[in-house]
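Predicted model only: the values in this text are computed from it and were never measured.
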Amino acid sequence: QLQLVESGGGLVQPGGSLRLSCAASGFSLEHYAIGWIRQAPGKEREGVSCIEFSGVVTDYADSVNGRFTISRDSAKNTVYLQMNSLKPEDTAVYYCAADFETRHRLYCSGYVSRMDHWGKGTLVTVSS
């Protein structure tokens, strides 16, 4: 069974850090790009970061560039999102997702609209 499971969310004060994990089962992350996408209450989904099948090429939204780092541990079949200098506007449910259907599934270009397989999400709340 193809599955993505997020963990690591929680309540953190502004300026704090969290590391989110996305554990994959039923498939190898080395064959897909994995994206982190967030959705805040009342707002549209926003692509946060993506890592390509190579594990080398990455992409970041302007709003998180320089604060968030995406990485992958192939041995654990897990993608991480290290989030530093968190702000209240980072509060959202964070999902990891993959594209299993299109020929672009290896790459991050346009990833938000292509993702068709999602985890259940993990809630990040940044508040004092």
Check whether any side-chain heavy atom of Thr122 sits under 4.5 Å from a side-chain heavy atom of Ser7, and report yes or no.
->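 No, too far: nothing below the 4.5 Å cut-off.
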Straight-line distance of [X] [atom1] to [Y] [atom2], nearest 0.5 Å:
{"X": "Asn84", "Y": "Arg67", "atom1": "CG", "atom2": "CZ", "result": "9.0 Å"}
{"X": "Ser109", "Y": "Arg114", "atom1": "OG", "atom2": "CZ", "result": "7.0 Å"}
{"X": "Gln82", "Y": "Leu20", "atom1": "CD", "atom2": "CG", "result": "9.0 Å"}
{"X": "Ile37", "Y": "Glu46", "atom1": "CD1", "atom2": "CD", "result": "10.5 Å"}
{"X": "Tyr95", "Y": "Trp118", "atom1": "OH", "atom2": "CH2", "result": "8.0 Å"}
{"X": "Leu81", "Y": "Cys50", "atom1": "CG", "atom2": "SG", "result": "11.5 Å"}

Do Arg38 and Tyr94 have side-chain N/O donor and acceptor atoms under 3.5 Å apart?
-> yes
Looking at [Y], is its backbone amide N or carbonyl O close enough to the side chain of [X] to form a donor-acceptor pair, meaning the two atoms are under 3.5 Å apart?
{"X": "Glu52", "Y": "Ala33", "value": "no"}
{"X": "Glu6", "Y": "Lys120", "value": "yes"}
{"X": "His117", "Y": "Leu2", "value": "yes"}
{"X": "Thr91", "Y": "Val126", "value": "yes"}
{"X": "Ser128", "Y": "Gln13", "value": "no"}
{"X": "Asn77", "Y": "Leu29", "value": "yes"}

Under a 4.0 Å N-O cut-off, is there an ion pair linking Asp99 with Arg105?
-> no
Under the side-chain hydrogen bond (donor to acceptor under 3.5 Å, both in side chains) rule, what do Thr78 and Asp73 come out as? Steps first, then yes or no, please.
-> CA-CA 5 Å; Thr78 299; Asp73 185 332; over 6 Å; no
Val93 and Met115: same hydrophobic cluster, using ILVMFWY side-chain contacts below 4.5 Å?
-> yes
Between Ser54 and Glu30, is a side-chain hydrogen bond (donor to acceptor under 3.5 Å, both in side chains) present by the stated rule, with each step listed?
-> CA-CA 6 Å; Ser54 64; Glu30 294 182 348; over 6 Å; no
Regarding Arg45 and the six-membered ring of Trp36, is the cationic atom NZ or CZ under 6.0 Å from the ring centre and inside 45° of its axis?
-> no
Cation-pi check, Arg19 to Tyr80: give yes when NZ or CZ is under 6.0 Å from the six-membered ring centre and within 45° of the ring axis, no otherwise.
-> yes
State yes or no: are the ring centers of Phe68 and Tyr60 separated by less than 6.0 Å?
->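 When the ring centroids of Phe68 and Tyr60 are compared, they turn out to be at least 6.0 Å apart.
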